[in-house]
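One structure is given here, and the rest of the page talks about it.
Residue numbers begin at 1 in each chain, while the letters A, B, ... track the order of the sequences.
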Amino acid sequence: MLRGENSIGPDEAARVEAAREALLGWYAASARALPWRARGTTAWATWVSEVMLQQTRVETVLPYFARFMERFPTPRHMAEASEAEVLGQWAGIGYYRRARFLHAGAKAVCERHGGEVPRGVEALRALDGVGEYTAGAIASIAFGERAALVDGNVERVLTRVFAIEGDPKSSAVKKHLWALAAGFADHPDAGAVNQSLMELGATVCAPTAPRCLTCPVRSMCRAAQEGEPERYPEKAPRKAPRDEDWTALLGLYQGRALLVQSALGRWEGMLVPVMVPGAVDPASLAGRAGAHAVMDHGVVVHVLTHARMRLRVFSATLDEAPTEGTLVSMDALAGLAVPKVTLRVLSAVRSSGDAAPRRRR
DNA sequence: TAACCGTGGAG
DNA sequence: TCTCCAAGGTT
C-alpha cells in the first residue's frame with residue numbers, strides 16, 4: 001500500500017498497536033510523578049508546563065512551574081499581570097519569547113474563549129507560541145483528544161523502533177513520524193499514550209547509551225535488533241556559534257545600576273546593561289550616556305545557541321538620575337526581567353572594582 | 001528551508 | 001574543558 005500523506009501501512013499499524021499496549025503498561029507502572037501530572041491539573045497548567053518544557057529540562061522547569069502556578073493559577077491571572085512581571089517570573093530559563101507568547105496567549109484566551117483554554121488542536125494552534133507539538137500535547141493530555149504529537153523524544157523512539165532512516169527534520173521523515181504518532185494517538189487514552197512515548201524517550205530511550213535492557217518495546221524495536229540503536233535518529237552536524245564582540249557599559253547612580261529594555265530579538269523586553277555591538281570606545285559611550293569615571297571590568301563570555309558573545313565590560317558613574325531605563329539595586333533582582341547575561345555583567349562589575357582587567361592565570 | 005531564539009546539566 | 005542537547009516555535 002502506498003503510504004499517503006497521513007496514513008501508515010498495515011504492517012506499521014500492527015506494530016504501532018503492539019508497541020502502544022506495551023508502553024501503556026510500562027507507563028502506568030513507571031511514570032515519574034511530576035507536578036503537572038498531579039490529579040486535578042488544569043488545561044492551563046498543562047499549557048504552562050508544555051511551554052516551559054520546550055527545549056528545557058524537567059529539573060530546570062520544576063521550580064519555575066511551581067512559582068508560575070502559584071502566581072498565575074489561571075489564564076486570567078496572567079492576562080491581568082504586566083508583561084514585565086511575567087518576564088520577571090520567567091527570568092533565568094531562557095527563550096524569553098515563550099513568556100511573551102504565553103502572556104499574549106493568556107490574554108487571547110480571556111478575550112476569545114471566556115478565560116478557558118480552548119479544546120481542539122486547531123483552536124490551540126491559533127494561540128501564540130503553540131505549535132503542532134504543544135497543541136497536540138494540550139489537546140491529548142488536558143482534554144483526552146486523540147491528537148498526535150512529535151517532540152524530540154518521540155522522534156527518537158519512533159525512528160529507533162521503526163528504523164527510520166533519513167534526516168528527521170526533512171519533510172518526508174516528519175510526515176512519516178507524524179503519521180505514526182497519529183496511529184499511536186488513535187486511542188481512548190491518547191494523553192497517556194503520548195506521555196508514555198515521551199517518557200520512554202526521556203528515561204530509557206536516551207540519545208546516548210539507551211537502556212535497551214529495561215525497555216518495554218525492546219522486542220519490537222528494529223534499531224535494537226540491528227544492535228546499534230544510537231544510529232537513529234540521524235543527526236545533522238551542528239554549526240558552531242559565531243563569535244560576537246560587544247561593549248557593555250553599566251551606568252551607576254547612587255549605588256544602583258542602570259538597566260534598559262533590550263531591543264534585540266534576543267532578550268527582547270528584558271532588562272540589560274547598555275550594550276553595543278563591536279569594540280567601542282567606552283569614553284565616548286559614557287559621554288553619550290552622560291557618565292564619567294569609566295572603569296574597565298574585563299571580558300565576560302556568554303555562550304548562546306547561535307553565538308558566543310564576548311563582552312568587554314565597563315562601568316561609569318552617571319552624572320544625573322537617568323530619565324530612561326530602570327535603576328536596580330545589585331542585590332535585589334528577584335522578580336525582575338533579568339537574563340543571565342545581565343547577571344554576568346553585574347557580577348563582573350561588582351567583583352572587579354579596579355580599573356585593570358583581571359586575568360585568571 | 002534555515003536561521004534564530006537561552007540556559008545549564010551530563011558525559 | 002568541551003560537546004551535545006532538552007516535552008519547539010516563529011520568521
Side-chain angles (χ1 to χ4, degrees), chain A residues 31-32 34-37 45-65 87 90-102 104-105 124-142 147-157 167-174 177-178 181 191 193-203 205-210 230 233 235-242 244 262 264-270 272 301-309 337-344 360:
Chain A
R32 292 168 293 176
L34 299 171
W36 43 88
R37 289 176 178 166
T46 303
W47 182 4
V48 172
S49 71
E50 289 302 336
V51 172
M52 285 187 173
L53 287 163
Q54 290 169 4
Q55 304 291 287
T56 308
R57 290 186 156 73
V58 166
E59 304 72 42
T60 304
V61 165
L62 289 171
Y64 285 87
F65 177 78
L87 283 174
W90 197 274
I93 46 176
Y95 284 137
Y96 298 102
R97 193 169 49 166
R98 294 181 293 176
R100 293 190 290 114
F101 282 151
L102 195 57
L124 290 163
R125 187 71 185 70
L127 299 167
D128 282 329
V130 177
E132 284 304 312
Y133 162 77
T134 306
I138 299 171
S140 64
I141 297 170
L149 58 75
V150 176
D151 72 335
N153 289 307
V154 177
E155 171 190 303
R156 190 167 54 254
V157 170
D167 178 3
K169 304 311 179 206
S170 71
S171 58
V173 173
K174 273 198 288 190
L177 293 173
W178 277 91
V193 172
N194 286 338
Q195 292 190 84
S196 75
L197 281 165
M198 294 191 284
E199 187 80 352
L200 189 78
T203 64
C205 195
T208 60
E230 292 180 43
K235 29 196 173 291
R238 297 199 166 220
K239 289 190 176 177
R242 64 175 173 277
E244 295 180 354
S262 174
L264 295 169
R266 184 186 303 173
W267 305 308
E268 184 177 343
M270 304 287 287
V272 296
V301 176
H302 191 66
V303 181
L304 306 114
T305 307
H306 299 278
R308 174 190 302 271
M309 300 178 76
V338 168
K340 293 295 177 185
V341 70
T342 298
L343 298 180
R344 292 233 169 111
R360 307 180 88 98

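Contact between the side-chain N/O atoms of A/His302 and the OP1/OP2 oxygens of B/dT7 is found at a separation under 4.0 Å. At B/dA3, one or more side-chain N or O atoms of A/Lys239 fall inside 4.0 Å of OP1 or OP2 (strictly under the cut-off). For B/dC5, one of the phosphate oxygens OP1 or OP2 lies less than 4.0 angstrom from a side-chain nitrogen or oxygen of A/Arg266.
Extent of DNA chain C lying under 4.0 Å from chain A heavy atoms, first and last nucleotide in 5' to 3' order, is C/dC5 to C/dT10.
In this structure, A/Arg238 atom CZ and B/dA3 atom P are separated by 13 Å, rounded to whole Å. The distance between atom CZ of A/Arg57 and atom P of B/dG6, rounded to the nearest whole Å, is 18 Å. In this structure, the CE atom of A/Met309 is 10 Å from the P atom of B/dT7, given to the nearest Å. Per the geometry, CH2 belonging to A/Trp90 stands 12 Å off C1' belonging to B/dG6, to the nearest Å. The distance between atom OH of A/Tyr95 and atom P of B/dC4, rounded to the nearest whole Å, is 12 Å. As a whole-Å value, the separation of A/Gln55 CD from B/dC4 C1' is 12 Å. Going from atom CD1 of A/Ile93 over to atom P of B/dG6 covers 12 Å, rounded to whole Å. Computed from coordinates, the A/Lys169 NZ to B/dT1 C1' distance equals 13 Å when rounded to whole Å.
No contact: A/Val51 has no heavy atom under 4.0 Å from any strand. At a threshold of 4.0 angstrom between heavy atoms, the contacts of A/Arg100 with the nucleic acid are absent. Backbone-only contact: A/Thr134 has heavy atoms under 4.0 Å from sugar-phosphate atoms and none from a base. Contact annotation for A/Ser171: backbone-only contact, meaning every heavy-atom pair under 4.0 Å involves sugar-phosphate atoms and none involves a base. In this structure, A/Arg32 reaches the bases: a heavy-atom distance under 4.0 Å links it to at least one base atom across the strands shown. Within 4.0 Å (heavy atoms only), A/Gly201 reaches no atom of the nucleic acid at all. Using a 4.0 Å heavy-atom distance criterion, A/Glu268 is classed as making no nucleic acid contact. If you check every strand for non-hydrogen atoms under 4.0 Å, A/Leu34 touches a base.
The OH atom of A/Tyr133 lies 3.5 Å from the CD atom of A/Glu50; values are rounded to the nearest 0.5 Å. Distance check: A/Ser196 OG to A/Glu199 CD gives 9.0 Å after rounding to the nearest 0.5 Å. For the atom pair CG (A/Asn194) and CE (A/Met198), the distance works out to 6.0 Å, reported to the nearest 0.5 Å.
Ring geometry, A/Trp36 versus A/Phe65: the interplanar angle exceeds 60°, so the pair is classed perpendicular (tilted spans 30 to 60°).
C/dT11 and B/dG6 have their P atoms separated by 14 Å, with the value rounded to a whole Å. Spacing between B/dA3 and C/dA7 at atom C1', rounded to whole Å, works out to 22 Å.
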- Verify salt bridge (charged side-chain N to carboxylate O under 4.0 Å, His left out) between A/Glu230 and A/Lys235, making sure each step is shown before the conclusion. CA-CA 10 Å; A/Glu230 292 180 43; A/Lys235 29 196 173 291; over 6 Å; no
- Message: Please determine whether salt bridge (charged side-chain N to carboxylate O under 4.0 Å, His left out) holds for the pair A/Glu244 and A/Arg266, giving the CA-CA distance in whole Å, both sets of side-chain angles, and the decisive distance to 0.1 Å.
- Response: CA-CA 13 Å; A/Glu244 295 180 354; A/Arg266 184 186 303 173; 2.9 Å; yes
- Are A/Lys340 and A/His302 close enough, and set up right, to give a side chain to side chain contact (heavy atoms under 4.5 Å, CB included), and what steps lead you there? CA-CA 9 Å; A/Lys340 293 295 177 185; A/His302 191 66; 3.8 Å; yes
- Starting from the C-alpha separation in whole Å, work towards a yes-or-no answer on side chain to side chain contact (heavy atoms under 4.5 Å, CB included) for A/Glu268 and A/Tyr96. CA-CA 8 Å; A/Glu268 184 177 343; A/Tyr96 298 102; over 6 Å; no
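Counting distance only, with no hydrogens placed and no angle test, the side-chain atoms of A/Thr56 and the base atoms of B/dG8 include no donor-acceptor pair under 3.5 Å.
Sequence order on DNA chain C of the closest nucleotides to A/Val130 and A/Arg37 puts A/Arg37 first from the 5' end. Nearest-nucleotide positions on DNA chain B for A/Asp167 and A/Arg344 put A/Asp167 closer to the 5' end.
The shortest side-chain heavy-atom distance between A/Ile141 and A/Gln195 falls under the 4.5 Å cut-off.
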